[in-house]
Number of protein chains: 2
Amino acid sequence: MSLLDLDHDQRKELAERVRQDYEELKSKDLQLNLTRGKPSSEQLDISQRLLELPGTEDFKDADGTDVRNYGNLKGIRDIREIWSELLGVRYDELIAGDASSLNMMFDLVMYAHTFGTQDSERPWNQEEKVRWICPVPGYDRHFTITEKLGYEMLSVPWLDEGPDMDAVREAVKDPQVKGMWLVPTFANPSGHTVSQDVARQLAEMETAAPDFRIVWDNAYAVHTLTEEFPEVIDIVTLAREAGNPNRFWHMTSTSKITFAGSGVAFLNTSTENIDWYASYAGARGIGPNKINQLAHARFFGDADGVRQVMRKHASLLAPKFNRVLEILEAELGEYDVARWTTPSGGYFISLDVIDGTAARVVELAKGAGIALTEAGSSFPLHKDPNDRNIRLAPTLPPVAELEEAVRGVATCVLLAAVEKLGA
Amino acid sequence: MSLLDLDHDQRKELAERVRQDYEELKSKDLQLNLTRGKPSSEQLDISQRLLELPGTEDFKDADGTDVRNYGNLKGIRDIREIWSELLGVRYDELIAGDASSLNMMFDLVMYAHTFGTQDSERPWNQEEKVRWICPVPGYDRHFTITEKLGYEMLSVPWLDEGPDMDAVREAVKDPQVKGMWLVPTFANPSGHTVSQDVARQLAEMETAAPDFRIVWDNAYAVHTLTEEFPEVIDIVTLAREAGNPNRFWHMTSTSKITFAGSGVAFLNTSTENIDWYASYAGARGIGPNKINQLAHARFFGDADGVRQVMRKHASLLAPKFNRVLEILEAELGEYDVARWTTPSGGYFISLDVIDGTAARVVELAKGAGIALTEAGSSFPLHKDPNDRNIRLAPTLPPVAELEEAVRGVATCVLLAAVEKLGA
């Protein structure tokens with residue numbers, strides 16, 4: 001049964017019930033929040049031992065270097081080896097930085113903007129126009145970077161196996177198209193994962209710009225919600241084999257593995273790209289926080305140690321995601337007024353409501369004390385052309401709050417729908 | 001007695017002796033290094049307890065926020081309060097970042113370059129030409145940043161109380177002069193400190209550029225070699241009172257207090273500048289490593305805790321600096337072929353040799369297995385116009401090695417001098 005199939009009286013009856021539900025919801029004076037893609041306290045507790053690591057007896061890395069002193073722009077061997085095994089990528093093509101891969105992405109784009117890449121004819125800031133491919137819905141903080149730089153953002157739709165490759169191939173015929181954002185695994189917010197086939201197409205495709213770069217932001221590379229880990233594509237090797245060795249900046253980090261904002265970020269890319277990056281990162285500073293890198297290496301032990309931590313996260317997160325999906329199905333399933341993703345990893349559920357009602361849903365929820373991510377925030381310039389998409393972040397709230405919040409959201413979705421359909 | 005006062009025979013005799021000394025020096029097959037402005041292991045041991053902090057029971061900051069999670073671009077209250085007390089600056093004008101103030105300086109200049117400051121007519125990258133004042137000798141990594149950006153660097157001499165203000169005042173009449181590097185306390189490499197009077201002149205002077213900025217890099221704010229701590233000038237307040245509130249980016253960090261490269265950096269500047277910085281830093285990332293900030297706050301306790309740590313450093317460093325000065329005096333004093341600074345803080349001794357011989361001294365030292373910082377490295381583009389200055393870094397080597405190295409350097413200085421004078 002769809003809302004559209006109801007006759008006038010049925011629709012009116014539903015509208016009355018939904019309005020009543022909403023008034024009840026408001027009367028509860030809730031203060032709930034579904035905006036934050038942050039780990040919960042229980043998740044953070046998994047890594048509690050890190051707070052006393054590396055410990056007072058342990059300050060030499062695998063090369064025998066005192067990590068308490070300056071140096072080593074590429075990060076210490078101990079943590080790079082673990083991540084190179086975990087991702088299945090070459091050690092010499094992986095460097096470890098400070099906490100945030102977002103920091104590194106910002107810097108990479110800024111260096112290309114200001115100085116040009118080694119493949120650029122000129123710095124991007126000397127181009128008349130720079131255009132950037134943005135698979136949507138996507139990660140708001142990606143789009144903020146290209147917005148700040150005044151790049152024209154070209155939305156291409158996310159399909160089940162990755163971005164719409166016909167649209168991507170068309171876009172890269174323009175030499176002013178210099179780059180592309182992409183979260184290849186359990187994407188923010190859809191939870192979709194790029195297939196091997198699409199990855200290969202991205203590695204192989206011809207681009208008019210010789211300095212075209214894909215920010216392959218593998219933020220959720222190991223962030224499974226199941227027993228299975230996704231296969232990590234060695235995208236840098238794919239690209240090298242395709243004759244485009246410098247195409248990808250493959251990023252990842254320990255965010256949402258250990259402590260958010262206090263971990264270790266990684267850049268996996270060609271050694272030529274690493275040298276280029278280091279030539280500016282080395283002007284920006286002397287090296288990353290190696291003590292934190294050593295602490296992380298000791299905490300994990302090896303790649304399997306990372307996977308064990310991720311299994312603990314999954315055991316905390318999977319029930320939350322399941323409850324959200326169950327409630328959405330129970331409250332909205334019969335009315336055909338919304339579709340949502342059922343991710344097997346990552347941090348978000350992407351909820352599509354009836355076109356033209358997403359902003360209204362967020363407004364209604366706010367009126368009932370439920371904070372939702374601003375409608376449109378998963379699109380360049382915060383503009384969802386269909387006013388359709390809402391990003392739900394189930395990780396942070398306790399289950400009881402989460403359930404209450406999602407039930408409330410369902411009421412708002414229905415109310416916005418009956419308003420829209422004029423009932 | 002000066003080398004110049006010697007008659008022909010005396011000079012020849014000295015030359016023979018010095019050549020013999022140098023041959024003996026070479027025969028020792030030394031491997032010594034005076035290049036590195038790094039703390040020694042003993043200094044790092046002072047902060048050993050940090051390696052197990054904050055500890056597994058301690059993860060809330062003074063505002064009750066869980067530091068293990070995302071957020072707080074300005075840094076946690078606990079460490080900002082300690083540094084605001086230590087420096088005597090306003091809490092709301094001080095933010096705490098990641099390890100390196102060099103990182104923050106680079107970012108500040110990059111943001112002004114790419115986006116313009118809030119006082120700029122246009123981003124600096126859209127200026128025909130940007131010029132930058134560089135007091136010399138100065139810090140090589142400062143000059144590297146402005147070199148990478150293609151800024152024209154204007155050398156002005158360091159005098160006893162700060163940069164030559166007549167030269168500075170003349171330079172800032174040019175609206176293309178957008179900024180200035182300055183290490184105000186125990187400057188790298190001279191050890192000089194800017195006086196209150198010069199600081200006030202810098203705060204008050206008129207500049208043609210409305211967006212003129214001074215990077216007031218107070219890297220050695222508390223790095224005394226004596227019982228006394230230098231007075232920290234509240235330069236941001238001075239500038240506000242002078243009607244130029246946004247002029248200074250006052251930087252400092254815990255580098256060379258706790259662990260080099262793994263500490264906390266600080267930016268003290270007007271709240272308007274902080275808002276401007278945060279508008280870009282907030283696109284670059286979500287916040288600094290707050291766990292490391294909490295660990296540092298717990299380690300120090302309060303501002304006096306920082307001073308106690310610095311006294312321990314002084315007790316390790318003062319004997320090293322004293323030995324260097326004694327040896328230079330004993331080996332070179334009578335010949336009047338060199339002058340050197342006698343700093344009461346900081347990390348370096350600046351050695352001026354006979355004009356035109358600095359590069360030769362470094363070459364001779366290298367031939368004898370003693371690594372010295374490249375001649376010219378304390379000048380923009382690595383060019384010392386007088387080929388005169390050599391930076392000595394006494395902190396890292398054990399005393400015995402340090403003594404041997406400095407004696408060797410003295411031999412090289414003398415040899416280069418007699419070569420130059422044609423003996």
Side-chain angles (χ1 to χ4, degrees), chain A residues 36-39 41 44-45 47-59 66-72 98-100 102-103 105-107 110 113-115 123 125-126 141 144-145 147-149 255 258-263 279-280 282-292 295 396, chain B residues 36-39 41 44-45 47-59 66-72 98-100 102-103 105-107 110 113-115 123 125-126 141 144-145 147-149 255 258-263 279-280 282-292 295 396:
Chain A
R36 290 172 294 191
K38 296 164 93 168
S41 304
L44 297 168
D45 289 344
S47 302
Q48 202 68 349
R49 203 166 71 84
L50 249 187
L51 292 171
E52 60 179 10
L53 289 177
T56 61
E57 304 298 317
D58 196 1
F59 50 87
D66 189 335
V67 297
R68 303 170 304 171
N69 222 327
Y70 285 119
N72 200 348
D98 279 322
S100 162
L102 187 65
N103 290 171
M105 288 183 252
F106 183 93
D107 288 350
M110 282 289 272
H113 185 77
T114 305
F115 308 110
N125 71 14
Q126 284 170 33
R141 287 181 175 273
T144 299
I145 293 173
E147 180 184 349
K148 291 263 183 207
L149 289 169
S255 283
T258 58
F259 300 136
S262 304
S279 74
Y280 300 105
R284 187 177 178 270
I286 299 174
N289 184 330
K290 300 188 299 295
I291 292 175
N292 193 36
L396 187 64
Chain B
R36 291 172 294 190
K38 296 166 95 169
S41 303
L44 297 168
D45 289 343
S47 302
Q48 202 68 350
R49 202 165 72 84
L50 248 187
L51 292 171
E52 60 179 9
L53 289 178
T56 61
E57 303 298 316
D58 196 1
F59 50 87
D66 188 334
V67 296
R68 303 171 304 172
N69 221 325
Y70 285 120
N72 200 347
D98 279 323
S100 161
L102 187 65
N103 289 171
M105 287 183 255
F106 183 93
D107 288 350
M110 283 288 271
H113 184 78
T114 305
F115 308 111
N125 70 15
Q126 285 172 30
R141 287 181 175 270
T144 298
I145 294 173
E147 181 183 348
K148 291 262 183 208
L149 288 168
S255 283
T258 58
F259 300 136
S262 303
S279 74
Y280 300 105
R284 187 177 179 270
I286 299 176
N289 184 331
K290 300 189 297 296
I291 291 174
N292 193 35
L396 187 64

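Each chain gets a letter, A, B and so on, in the order the sequences are listed, and its residues count up from 1. Quick caveat: nothing in here was measured; it's all calculated off a predicted structure.
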Undergrad: Can you tell me how far the CD atom of Gln126(A) sits from the CD atom of Gln126(B), to the nearest 0.5 Å?
TA: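 If we round to the nearest 0.5 Å, Gln126(A):CD and Gln126(B):CD are 11.0 Å apart.
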
Undergrad: Given side chain to side chain contact (heavy atoms under 4.5 Å, CB included), test Leu51(A) with Asp58(B) step by step and report yes or no.
TA: CA-CA 8 Å; Leu51(A) 292 171; Asp58(B) 196 1; over 6 Å; no

Undergrad: Name the member of Ser100(A), Ala99(A), Gly282(A), Pro54(A) that forms the most heavy-atom pairs with chain B at distances under 4.5 Å.
TA: Pro54(A)

Undergrad: Would you kindly check if the NZ (Lys) or CZ (Arg) of Lys148(B) is within the cone defined by 45 degrees around the ring axis of Phe115(A) and under 6.0 Å from the six-membered ring centre?
TA: no

Undergrad: Does any backbone or side-chain atom of Ala283(A) lie under 4.5 Å from a heavy atom of chain B? Answer side chain, backbone, both or neither.
TA: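 Both parts, backbone and side chain.
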
Undergrad: Give, as side chain, backbone, both or neither, the part of Asn72(A) having an atom under 4.5 angstrom from any heavy atom of chain B.
TA: neither

Undergrad: Measuring from atom CZ of Phe59(A) to atom OG of Ser41(B), what distance do you get when rounded to the nearest 0.5 angstrom?
TA: 7.5 Å

Undergrad: Counting C-beta onward and ignoring hydrogens, is there a side-chain heavy-atom pair between Arg284(A) and Asp107(B) closer than 4.5 Å?
TA: yes

Undergrad: Can you tell which of Ser47(A), Gly285(A), Gly55(A) has the highest number of heavy-atom pairs within less than 4.5 Å of chain B?
TA: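 Top option by heavy-atom pairs under 4.5 Å: Gly55(A).
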
Undergrad: Could you tell me if the side chain of Leu50(B) sits less than 4.5 Å from the side chain of Arg68(A), heavy atoms only?
TA: no

Undergrad: Looking at every heavy atom in both Asn125(A) and Asn125(B), which two are closest together, and how far apart are they?
TA: ND2-ND2, 3.5 Å

Undergrad: I'd like to check Leu44(B) versus Asp66(A) (side-chain heavy atoms, cut-off strictly below 4.5 Å). Are they in contact?
TA: yes

Undergrad: Looking at CD1 of Ile286(B) and NZ of Lys38(A), how far apart are the two atoms once the value is rounded to the nearest 0.5 Å?
TA: 9.0 Å

Undergrad: For the candidates Ile291(A), Thr144(A), Val67(A), which exhibits the highest count of non-hydrogen atom pairs separated by less than 4.5 Å from chain B?
TA: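 That would be Ile291(A).
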
Undergrad: Taking all heavy atoms of Gly261(A) and all of Tyr70(B), pick out the closest pair and write down the distance.
TA: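 Heavy atoms only, the tightest pair is N-CE2, 3.8 Å.
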
Undergrad: If you count heavy-atom pairs under 4.5 Å between each of Leu396(A), Thr114(A), Asn103(A) and chain B, which one has the most?
TA: Asn103(A)

Undergrad: Determine whether a donor-acceptor pair (N or O, by modelled atom type, separation under 3.5 Å) exists between the side chain of Asn69(A) and the backbone of Phe259(B).
TA: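 Answer holds: no.
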
Undergrad: With a 4.5 Å cut-off on heavy-atom pairs, point out which of Ser279(A), Pro288(A), Ala295(A) contacts chain B the most.
TA: Ser279(A)

Undergrad: Check whether Gln48(B) reaches the backbone of Thr56(A) with its side chain - one donor and one acceptor, N or O, closer than 3.5 Å.
TA: yes

